[in-house]
Amino acid sequence: MHWKVAILTASDRGYRGEREDTSAQVIRELIEEEIQGEIIEYRVVPDEMDEIMASLIEMTDYYQADLILTTGGTGLAPRDVTPEATLNVIDRVAPGFAEAMRMISMQKTRKAMLSRAVSGIRGRTLIINLPGSPKGVQENLMAIIDQLPHALGILTGKEGDHG
């Protein structure tokens with residue numbers, strides 16, 4: 001199956017061009033290699049609630065992404081607002097992805113409990129928050145990537161619930 005995937009990086013420093021967005025590159029490689037996804041949109045926004053929300057809405061409603069993966073803004077810092085922006089635009093939560101990512105990450109580092117990442121559904125689009133570091137992205141995405149094709153198949157109506 002062919003999945004349309006959008007990547008949204010929330011990073012003040014990345015937005016200002018002060019840091020290379022290596023996390024998005026990890027996402028791109030894993031999505032293309034593991035689930036044969038096509039990156040249809042990619043952007044970097046500052047850690048601003050309105051900008052993150054507007055991007056998620058546009059990626060869902062205009063670009064009609066099957067999957068949006070965010071990177072950055074999931075920690076405890078005051079400007080880390082990606083989970084709140086995500087919760088503001090989704091119709092339903094799909095907590096299993098975030099739970100699985102934290103569970104796997106906790107086996108590697110106790111700091112994983114500081115992640116506030118969420119996952120949910122807007123229309124027929126699955127949105128999942130990933131950490132900001134390339135290593136965190138790799139570990140978290142690999143923890144759930146085997147379930148993404150089935151989840152997207154159900155969500156988009158391309159396969160039944162128990163297919």
Going through the checks in order, is the side-chain contact (heavy atoms from CB on, under 4.5 Å) test met by Met142 and Leu30? CA-CA 8 Å; Met142 288 307 293; Leu30 288 175; 3.7 Å; yes
Go through the steps for Glu38 and His2 under the test side-chain contact (heavy atoms from CB on, under 4.5 Å), then give the verdict. CA-CA 7 Å; Glu38 177 192 357; His2 180 73; 2.7 Å; yes
Quick one: do Leu8 and Thr71 satisfy side-chain contact (heavy atoms from CB on, under 4.5 Å)? Show the steps, please. CA-CA 6 Å; Leu8 177 63; Thr71 177; over 6 Å; no
Check the pair Glu48 / Val81 against side-chain contact (heavy atoms from CB on, under 4.5 Å), numbers first and verdict last. CA-CA 7 Å; Glu48 295 287 346; Val81 295; over 6 Å; no
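Judged purely by atom type and a 3.5 angstrom limit, Arg122 uses its side chain to pair as donor or acceptor with the backbone of Val89. No donor-acceptor pair closer than 3.5 Å links the side chain of Ser119 to the backbone N or O of Ile127. Looking at Asn140, its side chain never comes within 3.5 Å of a backbone N or O of Val137 through a donor-acceptor pair. At least one donor-acceptor pair under 3.5 Å links the side chain of Arg102 to the backbone N or O of Ser115. The backbone N or O of Gly72 lies less than 3.5 Å from a partner atom in the side chain of Thr82, making a donor-acceptor pair. In this structure, the side chain of Ser105 does not engage the main chain of Ala112 through any donor-acceptor pair within 3.5 Å.
For the atom pair CD1 (Ile27) and CD1 (Ile31), the distance works out to 7.5 Å, reported to the nearest 0.5 Å. Here Met101 contributes atom CE and Thr74 contributes atom OG1; the two are 8.5 Å apart, rounded to the nearest 0.5 Å. To the nearest 0.5 Å, atoms CD1 (Ile35) and CG (Leu67) are separated by 6.0 Å. Distance check: Arg28 CZ to Asp21 CG gives 10.0 Å after rounding to the nearest 0.5 Å. Annotation: the span from Glu58 atom CD to Ile68 atom CD1 amounts to 10.0 Å, rounded to 0.5 Å. Put simply, CH2 on Trp3 and CG on Leu148 are 10.0 Å apart, with the number rounded to the nearest 0.5 Å.
Put simply, Leu130 and Phe97 are part of the same group of oily side chains (I, L, V, M, F, W, Y) that touch within less than 4.5 Å, one to the next. Residues Leu152 and Ile121 share a hydrophobic cluster, clusters being chains of Ile/Leu/Val/Met/Phe/Trp/Tyr side chains in contact below 4.5 Å. No chain of hydrophobic side-chain contacts below 4.5 Å, direct or via other Ile, Leu, Val, Met, Phe, Trp or Tyr residues, connects Ile128 to Met59. Under a hydrophobic clustering in which Ile, Leu, Val, Met, Phe, Trp and Tyr are joined whenever their side-chain heavy atoms come within less than 4.5 Å, directly or via other members, Leu56 and Val93 fall into the same cluster. Grouping the Ile, Leu, Val, Met, Phe, Trp and Tyr side chains by contacts below 4.5 angstrom, directly or via other members, places Leu87 with Met53.
Contact annotation: the side chain of Lys135 approaches that of Glu139 to within less than 4.5 Å [non-hydrogen atoms, C-beta and beyond].
Judged purely by distance below 3.5 Å, without hydrogens or angles, the side chains of Gln36 and Glu32 never pair a donor atom with an acceptor atom. A donor-acceptor contact closer than 3.5 angstrom links the side chains of Asn129 and Thr70. No hydrogens or angles considered: nothing links the side chains of Arg43 and Thr9 as a donor-acceptor pair under 3.5 Å. For the residue pair Asp47 / Tyr15, no side-chain donor-acceptor distance below 3.5 Å is found, with atom types taken as modelled. Judged by distance alone, the side chains of Thr125 and Asp66 never bring a donor and an acceptor atom under 3.5 Å apart.
Residue-environment remark: NZ (Lys158) exceeds the threshold of 12 foreign heavy atoms within 6.0 Å. When the shell of 6.0 Å around CZ of Arg16 is examined, it contains more than 12 heavy atoms from other residues, nucleotides or ligands.
What you find for Ala94 and Leu126 is that their closest heavy atoms are CB-CD1, 4.4 Å. Taking all atoms of both residues into account, the shortest heavy-atom contact from Pro83 to Val118 is O-CG2, 3.8 Å. A pairwise comparison of heavy atoms in Ala143 and Ala100 identifies CB-O, 4.4 Å as the closest pair. Residues Val44 and Gly14 come closest through the heavy atom pair CG1-C, 3.7 Å. The two residues Ala85 and Ile52 make their nearest non-hydrogen contact at CB-CG2, 3.4 Å.
With respect to Glu20 and Arg13, no salt bridge is recorded, no charged nitrogen being found less than 4.0 Å from a carboxylate O. Looking at Lys4 and Glu41, no side-chain N of the basic residue comes within less than 4.0 Å of a carboxylate O on the acidic one, giving no salt bridge. Remark: Arg79 engages Asp12 in a salt bridge, criterion side-chain N to carboxylate O under 4.0 Å.
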